[in-house]
Number of protein chains: 2
Amino acid sequence: MDKRISTVGSSTYQRIKRDILFGELEPGAKLKLEGLKTRYEASLSTLRETLNRLASEGFVDAPEQRGFFVKPVSRDDLTEIAELRILLECHALELSIRNGDTEWEGNLVSAHHKLHRMEQRLLDGDLSGKEDWKRYDWEFHLAMIEACNSENLLSLHSTLYDKYLRYQMLVLTFRGEEAAVEHKQMFEAALDRDTEKAKSLLEQHIRNGLTHTLEAMA
Amino acid sequence: MDKRISTVGSSTYQRIKRDILFGELEPGAKLKLEGLKTRYEASLSTLRETLNRLASEGFVDAPEQRGFFVKPVSRDDLTEIAELRILLECHALELSIRNGDTEWEGNLVSAHHKLHRMEQRLLDGDLSGKEDWKRYDWEFHLAMIEACNSENLLSLHSTLYDKYLRYQMLVLTFRGEEAAVEHKQMFEAALDRDTEKAKSLLEQHIRNGLTHTLEAMA
DNA sequence: AACCGCAAGAATATATGATATTTTTACTTA
DNA sequence: TAAGTAAAAATATCATATATTCTTGCGGTT
């Protein structure tokens, strides 16, 4: 279907970003170029390009002449990110519910189904697929807002989602049951085109996740 | 006061970004590395780092293996950006009015004063300072929301502001009188801590600018 | 005239090595 | 302990080289 994107640059970008999101590169850690070179088998130039991209997205700090560092984490930062995600995602959801056609509904049903199956498996104790869970959760949240009709909005949201995800991965404790119920309710409200209900459920969903993560961080 | 930031990298970044915002590099234009090399007197590696940063901020397109292009413009894109700016800036304004202390008020008064003076000069026909006007407008809008207490929000807003500004610069027609009045009203409402009024004035201010710019683009 | 495929030329992506600066670290001295 | 500094480490920048990948123009075909 889609031809594999396989330049050294883009794959290095994905790998480093992934390692930051999943905590394999620890918050605040110094990113020494020599080290990265052997770890990711890429040249200096390629690495610097990658790190510059990550820096402008906010996953890396790059103080002038002092190299690169994994972005540190903090409770305040997490709170800011969650609040922004609420603001943007609720807005996008409203637009999406207003504009979504049958195609959108179909995608949403499918995304929720896949997420739901995965959640059942997780609740049954099969913890083999942390990465998969992340993917399905992302695809569900994306499917909800995908019809918002604003590329700019989707792109900002995607970055925020990743930042928020990083904190979840850091504390590594899931809300399993509750989150699954919330997903289901949101999903149904969206399909019903009940904008206000869907928005308030989504806000509560993110806020619950925030509280949960903040507690785990303490 | 502030020590001059003068690495080749950061100054190249600022110059290219400025040239995109002010239309000196035309929307959609191919950015050939050889050309940039002579124009900005920087090496290939430095240029690629810079272009990667600009690409992830959305000022440059970088399709795989096909080099770099100045981000094209479109009416839809402008509309999306204006709507997002309304969403984020109004939200930030609300927080700022809630949290702002006397220090914030002082800054705001000063920023408005400077902007106002500049607007008077412009209305008197002294069109010498397009760049300056931009700076004062920016400083005013920033001063309004600066107390919102969210670095993440301020950073997103700053990028959006620049994207919006680019369209204004492209059509090069100012709303002079009206904009000046709107600025004054917003300013006063903010100082009065009249959140709802300030927000709705701000929304209208941006929406008017959008309409105006869209008309000029047609 | 429109369409196809292909070779030459242009441009990009990536790597390597070199140099000038700046930042850190470690050590010395007051 | 504080301050100062020389050596070591790391960064920023550049020039060059090579392999790939685009783009373009030319014939040949329908």
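Being a predicted model, the structure only gives us computed values, none of them experimental. Note on naming: letters A, B, ... go to the chains in the order of the sequence lines (proteins, then strands), and numbering restarts at 1 for each one.
- Every salt bridge (charged side-chain N to carboxylate O under 4.0 Å, His left out) that A:Glu182 has, sequence neighbours left out, goes to A:Arg175.
- Bracketed by its first and final contacts, the part of DNA chain D lying under 4.0 Å from non-hydrogen atoms of chain A reaches from D:dA10 to D:dT13 in 5' to 3' order.
- A:Glu94 pairs by the salt bridge (charged side-chain N to carboxylate O under 4.0 Å, His left out) definition with A:Arg98, A:Lys199, not counting sequence neighbours.
- Contact check, A:Ser43 against C:dT14: no side-chain N or O comes under 4.0 Å of OP1 or OP2.
- A side chain to side chain donor-acceptor pair (under 3.5 Å) check over residues 50-60 of chain B, counting only residues at least two apart or in different chains, returns the pairs A:Glu49-B:Asn52, A:Ser56-B:Ser56, B:Tyr13-B:Glu57.
- Pairs engaging residues 65-112 of chain B under the ring pair (Phe, Tyr, Trp, His ring centres under 6.0 Å) rule: B:His112-B:His116, B:His112-B:Phe140, B:His112-B:Phe187 [sequence neighbours left out].
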Please produce a list of atom pairs where a protein N or O lies less than 3.5 Å from an N or O of nucleotides 10-13 of chain C.
unit_1: C:dT12; atom_1: OP1; unit_2: B:Lys30; atom_2: NZ; d: 3.4
unit_1: C:dA13; atom_1: OP1; unit_2: B:Gln65; atom_2: N; d: 3.4
unit_1: C:dA13; atom_1: OP2; unit_2: B:Arg48; atom_2: NH1; d: 2.2
unit_1: C:dA13; atom_1: OP2; unit_2: B:Arg48; atom_2: NH2; d: 3.2

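- Applying the salt bridge (Lys or Arg N to Asp or Glu O under 4.0 Å) test to every pair with at least one member in residues 66-79 of chain A, sequence neighbours left out, gives these pairs: A:Asp61-A:Lys71.
- Every pair passing salt bridge (Lys or Arg N to Asp or Glu O under 4.0 Å) that includes a residue from residues 206-217 of chain A is listed here, sequence neighbours excluded: A:Glu83-A:Arg207, A:Glu203-A:Arg207.
- Evaluation of the side-chain hydrogen bond (donor to acceptor under 3.5 Å, both in side chains) rule for B:Arg85 yields B:Glu89, B:His141 as partners, not counting sequence neighbours.
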Mind listing the side-chain donor-acceptor pairs of residues 19-38 of chain B below 3.5 Å, one per line with the distance, residues two or more places apart or on another chain?
unit_1: B:Asp19; atom_1: OD2; unit_2: B:Arg39; atom_2: NH2; d: 3.3
unit_1: B:Asp19; atom_1: OD2; unit_2: B:Tyr40; atom_2: OH; d: 2.6
unit_1: B:Thr38; atom_1: OG1; unit_2: B:Gly35; atom_2: O; d: 3.0

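- B:Arg135 has a carboxylate O that lies under 4.0 Å from a charged side-chain N of B:Asp132, or vice versa, which qualifies the two as a salt bridge.
- Contact annotation for B:Ser45: base contact, defined as any heavy-atom pair under 4.0 Å involving a base atom.
- Rotation axes derived from the C1' atoms of the five outermost pairs at either end of the helix from C:dA1-D:dT30 to C:dA30-D:dT1 lie 20° apart, to the nearest 10°.
- Annotation: salt bridge (charged side-chain N to carboxylate O under 4.0 Å, His left out) contacts of A:Glu105 (sequence neighbours excluded): A:Arg193.
- Residue-to-nucleotide proximity on DNA chain C shows that, of A:Leu44 and A:Phe69, the 5′-proximal contact is made by A:Leu44.
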